[in-house]
Amino acid sequence: MVDFLAGALAMGYFVAALFFLRFWRDTHERLFAYFSSSFLLLAIQRLALVLLADNPAFPLDLLYVIRLFAFSLILVGIIAKNRAAQRGV
């Protein structure tokens with residue numbers, strides 16, 4: 001059941017990535033590109049976590065670094081968008 005829910009969560013992340021990719025394609029707004037790549041990284045991290053959880057030789061901490069990077073991308077996108085709005089672009 002846990003693997004099923006993790007797969008459903010990964011699919012939701014992937015759908016969100018496609019959703020933001022479509023908005024980026026239509027508007028060319030960098031914030032949507034940041035969100036799309038972040039959700040894609042979250043989907044990859046979730047799938048890797050399920051697939052590699054049974055392997056005792058693989059350090060699972062590395063997968064959470066991917067998650068940290070994904071959330072950092074969201075923060076970078078928001079900060080870049082706010083700076084552009086302050087400059088009047």
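The analysis underlying the following values was restricted to heavy atoms, covering all of them including side chains, and did not include hydrogens, waters or symmetry mates.
Residues L63 and Q45 come closest through the heavy atom pair O-CG, 3.0 Å. Across all non-hydrogen atoms, the minimal contact from W24 to E29 is CD1-O, 3.0 Å. Annotation for S36 and A17: closest pair OG-O, 2.9 Å, computed over non-hydrogen atoms. A43 approaches A10 most closely through the heavy-atom pair CB-O, 3.6 Å. When every heavy atom of L60 is checked against every heavy atom of L49, the shortest pair comes out as CD2-CD1, 4.2 Å. Considering every non-hydrogen atom in both R25 and H28, the closest pair reads O-NE2, 3.6 Å.
Following chains of ILVMFWY side-chain contacts shorter than 4.5 Å, one can reach F35 starting from F71, so the two form part of one hydrophobic cluster. The cluster map of Ile, Leu, Val, Met, Phe, Trp and Tyr, joined by side-chain heavy atoms under 4.5 Å apart, puts Y34 and V15 in different clusters. L52 and F69 fall within a single hydrophobic cluster, where Ile, Leu, Val, Met, Phe, Trp and Tyr are joined by side-chain heavy atoms under 4.5 Å apart, directly or via other members.
Rounded to the nearest 0.5 angstrom, L42 CG and L47 CG are separated by 11.0 Å. Atom CG of L5 and atom CE of M1 lie 5.0 Å apart (nearest 0.5 Å). Taking OH of Y13 as the reference point, atom CG of L41 lies at 11.5 Å (rounded to 0.5 Å). Expressed to the nearest 0.5 Å, how far OG1 of T27 lies from CZ of R22 amounts to 11.0 Å. Atom CG in L9 sits 5.0 Å away from atom CZ in R46 (nearest 0.5 Å). With values rounded to the nearest 0.5 angstrom, F39 atom CZ is found 11.5 Å from L73 atom CG.
Relative orientation of the F20 and F32 rings is parallel, given thresholds of 30° and 60° on the angle between their planes.
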Take I78 and N82, measure what side-chain contact (heavy atoms from CB on, under 4.5 Å) needs, and give me the verdict at the end. CA-CA 6 Å; I78 291 170; N82 285 335; 3.8 Å; yes
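Taking F19 as the reference, F23 meet the ring-ring contact (aromatic ring centres under 6.0 Å, His included) condition, with sequence neighbours excluded.
For the pair S72 (side chain) and L68 (backbone), a donor-acceptor distance under 3.5 Å is present.
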